[in-house]
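Please read the structure below before turning to the comments.
Chain letters run A, B, ... following the sequence lines, proteins first, then strands; residues in each count from 1.
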2 protein chains.
Amino acid sequence: MTATSLVSLSAPSPQSEKAPRRNARHRNNRVAIMEAAISALNANAGATMSEIAARAGVGRATLHRHFRTRNDLVLAIGAQCVEEMKAAVLAVDAVNVPPAERLRAMFEAVIPLGDRYNFLGFESADDEVTRSGYQAQLRWAAALVEDLKAAGDIAPDVPSRWVVGQIDQLVWSAWNAVADGYLDVPEASDLALRTLMDGLQRPTAGRSK
Amino acid sequence: MTATSLVSLSAPSPQSEKAPRRNARHRNNRVAIMEAAISALNANAGATMSEIAARAGVGRATLHRHFRTRNDLVLAIGAQCVEEMKAAVLAVDAVNVPPAERLRAMFEAVIPLGDRYNFLGFESADDEVTRSGYQAQLRWAAALVEDLKAAGDIAPDVPSRWVVGQIDQLVWSAWNAVADGYLDVPEASDLALRTLMDGLQRPTAGRSK
DNA sequence: GTAAAACGAGACAAAATTGTATCGTTTTAG
DNA sequence: CTAAAACGATACAATTTTGTCTCGTTTTAC
């Protein structure tokens with residue numbers, strides 16, 4: 001469970017005014033810390049700063065140099081995750097294809113971000129900005145579900161909330177399958193799609209269209 | 001989310017030697033505390049003793065009278081949940097029917113215990129006894145999956161870990177649907193079964209046998 | 001090579017949380 | 001109605017976690 005991440009964190013967003021010109025080591029540590037924190041907090045929402053620092057392979061003092069308070073850290077991660085999710089979903093929306101293919105593309109794009117997505121799920125409650133970003137993701141998924149229903153890809157009698165919940169969960173299940181090493185991302189996407197649309201009873205056949 | 005529980009906690013197990021003959025209020029409070037704790041810890045694994053006491057509607061001192069330490073509380077809940085799960089699953093095994101019907105019976109029996117099940121999922125790491133009880137549940141589910149595969153109810157090419165994970169998650173999803181009030185237990189069981197076996201594409205038809 | 005940047009280790013103070021104890025009041029059982 | 005049981009409130013000590021700071025060492029950039 002030492003979570004080698006499936007994606008890489010982008011460099012420190014160069015938005016800050018008067019950015020104090022950071023070291024390479026500094027940038028690497030920042031990424032390592034955020035990665036370690038996502039992993040640690042996914043495993044245990046109450047993970048302590050010491051645990052996070054240890055997992056990131058830095059001293060606790062360094063952790064506090066990068067993120068003054070625990071809350072700063074959680075907020076930074078939340079913002080980062082929202083950004084990454086937004087980008088992934090935007091790429092899916094770019095191409096104008098039938099909803100079923102958008103669903104497939106979504107799985108491919110979002111499953112590698114499963115840990116981010118999960119983080120947002122239980123850590124977005126505190127901060128307003130992060131939460132609204134997360135809510136936007138859920139609304140996007142809900143809209144996709146409506147499109148799927150309209151196209152006849154999802155049975156209309158199934159509550160949309162249920163479908164959204166299933167998609168949500170499939171992303172996390174698939175991420176774990178990939179992290180555990182028993183599936184790769186395309187396989188996991190296929191299996192997630194198949195599970196959602198056709199269930200696990202049929203031999204393999206491929207989805208009926 | 002004020003979680004009116006779907007099941008009721010049994011009276012204080014009368015196993016303890018020299019049981020000091022408790023009050024009715026005492027027994028009620030014990031149940032209320034455990035119920036509140038399950039709910040609070042499901043929402044936030046790091047919930048504080050004060051939060052739990054407040055949610056249970058008792059003072060913090062009373063909480064500590066019932067469970068001297070936080071760990072005592074978690075352990076007691078864990079043991080209780082394992083017992084309840086064991087009983088539910090035992091009832092399913094009692095009747096000798098095809099695996100597909102056992103799956104249906106399992107959903108009916110376990111969905112009302114969804115919050116217990118979820119609790120065990122992330123709080124069983126600390127205590128050995130609780131964890132082994134939880135593991136037993138997972139092994140039971142794995143055995144059921146093998147039976148389903150053997151009976152042709154689950155496609156053999158799907159990794160069993162994946163199937164077990166889906167069942168696990170469906171229980172929690174279904175419990176939430178019931179708690180949110182948009183499904184009742186039989187409906188949720190049907191939907192969980194349908195989702196797992198046939199997916200959500202088919203109109204409603206009923207599962208192909 | 002050298003100076004600035006970043007770090008680790010450790011010492012501390014400041015919360016926050018837990019656990020204990022006391023005391024007056026309410027509830028229960030009979 | 002009464003005594004025992006249980007409770008709430010509150011105060012307090014112990015522990016854990018957080019956040020700050022300093023100092024000597026390592027790494028980086030040039």
Side-chain angles (χ1 to χ4, degrees), chain A residues 9 11-14 16 18-41 43-78 123 125-127, chain B residues 9 11-14 16 18-41 43-78 123 125-127:
Chain A
L9 241 37
S13 38
S16 194
K18 209 66 166 22
R21 266 288 261 301
R22 299 303 192 176
N23 216 327
R25 182 174 45 161
H26 186 279
R27 290 192 297 272
N28 291 341
N29 275 340
R30 183 186 161 97
V31 172
I33 287 169
M34 293 178 73
E35 209 65 66
I38 291 174
S39 157
L41 292 172
N44 165 20
T48 173
M49 293 295 265
S50 299
E51 291 170 349
I52 294 172
R55 192 184 289 232
V58 303
R60 200 167 61 90
T62 297
L63 174 48
H64 278 288
R65 275 189 205 102
H66 282 261
F67 304 94
R68 200 173 59 82
T69 74
R70 188 181 204 281
N71 203 46
D72 286 351
L73 173 59
V74 171
L75 256 53
I77 294 174
E123 208 76 38
D126 309 315
D127 177 48
Chain B
L9 241 37
S13 39
S16 192
K18 208 70 166 20
R21 264 287 260 302
R22 299 304 192 175
N23 217 327
R25 181 174 45 161
H26 186 279
R27 290 191 297 271
N28 291 342
N29 275 341
R30 182 185 162 98
V31 172
I33 287 170
M34 293 178 75
E35 210 65 65
I38 291 173
S39 157
L41 292 172
N44 164 20
T48 173
M49 292 294 266
S50 299
E51 291 170 349
I52 293 171
R55 191 184 289 233
V58 303
R60 199 167 63 90
T62 297
L63 173 49
H64 278 288
R65 275 189 205 102
H66 281 260
F67 304 94
R68 200 173 60 82
T69 76
R70 189 180 203 283
N71 202 47
D72 286 351
L73 172 61
V74 172
L75 257 52
I77 295 174
E123 207 77 39
D126 308 314
D127 177 47

- Starting at atom CZ of A:R70, determine the distance to atom C1' of C:dA16, rounded to an integer number of angstrom. 13 Å
- Note on the structure: chain A reaches DNA chain D, atoms under 4.0 Å from its heavy atoms, from D:dT17 to D:dC30
- Query: What is the nucleic acid contact for A:G46, judged by heavy atoms within less than 4.0 Å: base, sugar-phosphate only, or nothing?
  - Reply: nothing
- Which part of the nucleic acid, if any, lies within contact of A:A24, taking any heavy atom under 4.0 Å across all strands shown: a base, the sugar-phosphate backbone alone, or nothing? sugar-phosphate
- Let me know, please, whether B:L63 or A:N23 comes out on the 5' side of the other along DNA chain D by nearest nucleotide. B:L63
- For A:V74 and A:D127, what are the C-alpha separation, side-chain angles and deciding distance, and is it a side chain to side chain contact (heavy atoms under 4.5 Å, CB included)? CA-CA 9 Å; A:V74 171; A:D127 177 48; over 6 Å; no
- Item | Axis bend over the full length of the helix from C:dG1-D:dC30 to C:dG30-D:dC1, computed from five pairs that close each end, to 10 degrees | 50°
- Message: On DNA chain C, does the nearest nucleotide to A:R60 precede the nearest nucleotide to B:T69 from the 5' side, or the other way round? Give the residue.
- Response: A:R60
- Atom-pair distance (CE on A:M49; C1' on C:dA14), nearest Å: 15 Å
- Sugar-phosphate, base or nothing in reach of A:R68, heavy atoms under 4.0 Å: sugar-phosphate
- Item | Sugar-phosphate, base or nothing in reach of B:R25, heavy atoms under 4.0 Å | base
- Query: Hey, mind stepping through B:N29 and B:N23 against side chain to side chain contact (heavy atoms under 4.5 Å, CB included) and telling me if it holds?
  - Reply: CA-CA 10 Å; B:N29 275 341; B:N23 217 327; over 6 Å; no
- Give a yes or no on whether the backbone of A:R22 and the side-chain of A:R27 come within a donor-acceptor separation of less than 3.5 Å. yes
- Atom pair distance, as rounded to whole Å: CG in B:L73 and C1' in C:dT17: 15 Å
- Query: So what does A:H26 touch, heavy atoms closer than 4.0 Å: a base, only the sugar-phosphate, or nothing?
  - Reply: sugar-phosphate
- To the nearest Å, give me how far apart CG (B:N71) and P (C:dT18) are. 12 Å
- All heavy atoms of A:A40 vs all of A:A47, minimum pair found to be O-CB, 4.0 Å
- Query: Would you say the side chain of A:R65 and the base of C:dG8 hold a donor-acceptor pair, judged only by whether the two atoms sit under 3.5 Å apart?
  - Reply: yes
- Query: By ring-ring contact (aromatic ring centres under 6.0 Å, His included), which residues pair with B:H66, not counting sequence neighbours?
  - Reply: B:H26
- Query: When the distance from CZ of A:R30 to C1' of C:dC7 is rounded to whole Å, what number comes out?
  - Reply: 17 Å
